[in-house]
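Lettering of chains follows the sequences in order, A, B, ..., and the numbering in each one begins at 1.
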Amino acid sequence: MSEFLTQHPRTHTCDVLTLENLDQEVVLMGWVQSVRDHGGRRFVDLRDRYGLTQIVFKPETSASMHALAHELRSEWCIAVRGLVEDRSLNGGSPNPRLKTGQIEVDARQLEIFSQSETPPFLIENQIDTGEDKRLAHRVLDLRRPSLQANFKLRHDVMQATRKYFDENNFLELETPVLVKYTPGGARNFLVPSRHQPKSFFALAESPQLFKQMFMMAGMDRYFQIVKCFRDEDLRGDRQPEFTQIDVEMSFVDERQVQTMAEGLLKSIFKKSIGVELKAPFQRMTYQEAMARFGSDKPDIRFGLEHTDLTELLRNLKGAGVPLFEQTLAKHGMIKAMRVPKACELSRTEVDKLEDLVKQLGGFGLGRAKVAEQGKAWTQSPFAKVITPEGLVQINQACGAEDGDLILFQMGKPKMVHTVLSGLRTNLGARFGLIPKNSWGVLWVTDFPLFEYDEDQKTHLAAHHPFTSPQIQDLEHLKSNPGVCKARAYDLVINGNEIGGGSIRIHDSIIQSKVFDALGISPEDQQAKFGFLLDALKFGPPPHGGIAFGLDRLCMLLAGATSIRDVIAFPKSQKGTDLLTQAPTPVDDKQLRELGIMVRP
RNA sequence: GGGGUGGUAGCUCAGCUGGUUAGAGCGCCGGCCUGUCACGCCGGAGGCCGCGGGUUCAAGUCCCGUCCACCCCGCCA
């Protein structure tokens, strides 16, 4: 039994003691950050969640404790009782970098709760350890002050969220995790049913339909901080299980959902990092975002905008450049990005950009350096063949002046946008064009309702099949689904998709038409979504909502570069848990019980 | 599914065109040290060079395969 825990409970945390506590007897508990042993003076930095406090062991205070302190090693868990002393009165010097740097605790009593093996890496903020090792020893990794700060921030975000929605009459309601499997969309994790052999649940990829049914049930305003599961390939900002702030409201249009979301974001930014966001947020249509930035989640904190040259060059019949002519003949797109001369790129650096282009799926990188008052190009494969008129018009369209570099990309629009926006992000970061401590927040609106899938030769829902079409497009649902726009909106922060939502369909006739456009037969509609269609028969309210990626939001607020730094126990990129080694095979007995046979 | 980067001591990394006994810094262990806080000084231990093949008189180094981590494309209604 610990004498400390029964007789001397903790009196303070390691961040609070100052000269105001002089001569008080205090009890601190925590981990040994470091030991500096001078023989007659032994210094220990004691660390807990809150901070560091220096402990000093002196033979004249306690010879036995001074001797015991000799045993101490990094990460041992200890308790210390002693008097708060002024460092500078003891022949020492204050440490201005520590909140508690004016004082030290002269230890009269030391208890070692537990010893520690030598940790595989240092517990300090500067992380220079491979991520696989950090994840394998996640408990130690989480002891780092920087990660502890991340999780404090995550807590603050969640609390701000709950408070905000509570104050605005939202109910925090829960939805099932084990749900009906529905094909389409993200791959589902499957859970075999023991009671219903050969049948499976899916883990919810989002609470979408349940929150809509809450609206139909008259709950009026719903929110939930909820885990979602998607069995897709991972990225730095994507985990197979992640957390959403999920919201749904009745009797609203886009603007009201967005205003509510802006209030939430303002509150979260204020309470977690003390930043005042200005609302309403900037707005941009999907079309404009793609045209100017080649992305539906543009980082608007810097320039390097794109120019579409397709029409211009079509009018000029390719302007003498065979590559342009071929692209136009194949109905491809030609876009350019002006890199101002301030962003100096050597020829070899531009050559290296070509590698990036290929990584992004492009074939090559057209280029031209503007010279002679915009009358000539150098360092360009097009320079010899382009018509003078074409050259001048391209320069003008791009706003390019002498010394500027124009980068070209042409082909299928999707590829052109992927490559050019990838280049933009890369160069923006390389030239430090992104202002520090700035927040590029915007709504992207007017998304297409459908995307055409070239493999399946069919239209798929761009957002999800319950998204309401814009009213002027209703007539095109059948005849020309490709032009229909959705009442959908994304919230983008610093080039990250942080949230997305829509106004939903509350009219069963329109819902059927959308299903028709998606090529889902009436029988399938009934089999897959019968419960929803049924609910739509009983007076559904107009409703809409939004969901935010809590992990991504916390990542941005924490200044982290990976979502894994704000998830306590994340998975590796292959979806495995390096800490517990999950997933693992299971016993035959278990499989038999579930009626499952595993292929060898 | 595809492309890229990396894997050498506990950690971070160096190791050239293949050539003696594979190095450094930090950490670790022992000793000394009464004012450190990146403490200092002296001494010491520590290696399946990711794994499996191959080429060669000789492989950390070259070739093939494979595993793992990370980044990107596809994918993520």
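A/Gly361 comes within 4.0 angstrom of no nucleic acid atom, judged by non-hydrogen atoms across all strands. Residue A/Leu356 is out of contact with every strand shown, counting any heavy-atom pair closer than 4.0 Å.
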At under 4.0 Å between heavy atoms, how does the protein contact nucleotides 39-47 of chain B? Give one character per nucleotide, 5' to 3', with B, S or -. B--------
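For A/Ala535, the side-chain contact (heavy atoms from CB on, under 4.5 Å) partners two or more places apart in sequence, or in a different chain, are A/Met216. Under the side-chain contact (heavy atoms from CB on, under 4.5 Å) criterion, A/Asp524 pairs with A/Ile520, A/Ser521, A/Lys528, not counting sequence neighbours.
B/A45 and B/G30 have their C1' atoms separated by 10 Å, with the value rounded to a whole Å. For B/C73 and B/C29, the P atoms lie 45 Å apart once the distance is rounded to whole Å. The gap from the C1' atom of B/U17 to that of B/U5 amounts to 24 Å, rounded to the nearest Å.
A heavy-atom distance below 4.5 Å is found between the side chains of A/Gln470 and A/Asp446.
Across all strands shown, nothing is found opposite B/G46 as a Watson-Crick or G-U wobble partner with both distances under 3.5 Å.
Mapped onto RNA chain B by nearest heavy atom, A/Arg42 and A/Lys414 fall at different nucleotides, with A/Arg42 at the one closer to the 5' end.
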Between side-chain atoms of residues 115-124 of chain A and protein atoms elsewhere (two or more places apart, or another chain), which donor-acceptor pairs fall under 3.5 Å?
none

Got a list of side-chain donor-acceptor pairs under 3.5 Å for residues 63-72 of chain A, not counting sequence neighbours?
from    : atom 1 : to      : atom 2 : distance (Å)
A/Ser64 : OG     : A/Ser62 : OG     : 3.3
A/His66 : NE2    : A/Gly39 : O      : 2.7
A/His70 : ND1    : A/Asp37 : OD2    : 3.0
A/His70 : ND1    : A/Arg42 : NH2    : 3.3

Nucleotide N/O of nucleotides 23-29 of chain B paired with protein N/O under 3.5 Å:
from  : atom 1 : to      : atom 2 : distance (Å)
B/C29 : OP1    : A/Arg73 : NE     : 2.7

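Annotation: A/Phe431 is not in aromatic contact with A/Phe302 [ring centroid separation under 6.0 Å not met].
Remark: P of B/G74 and CD of A/Gln359 are 13 Å apart, rounded to the nearest angstrom.
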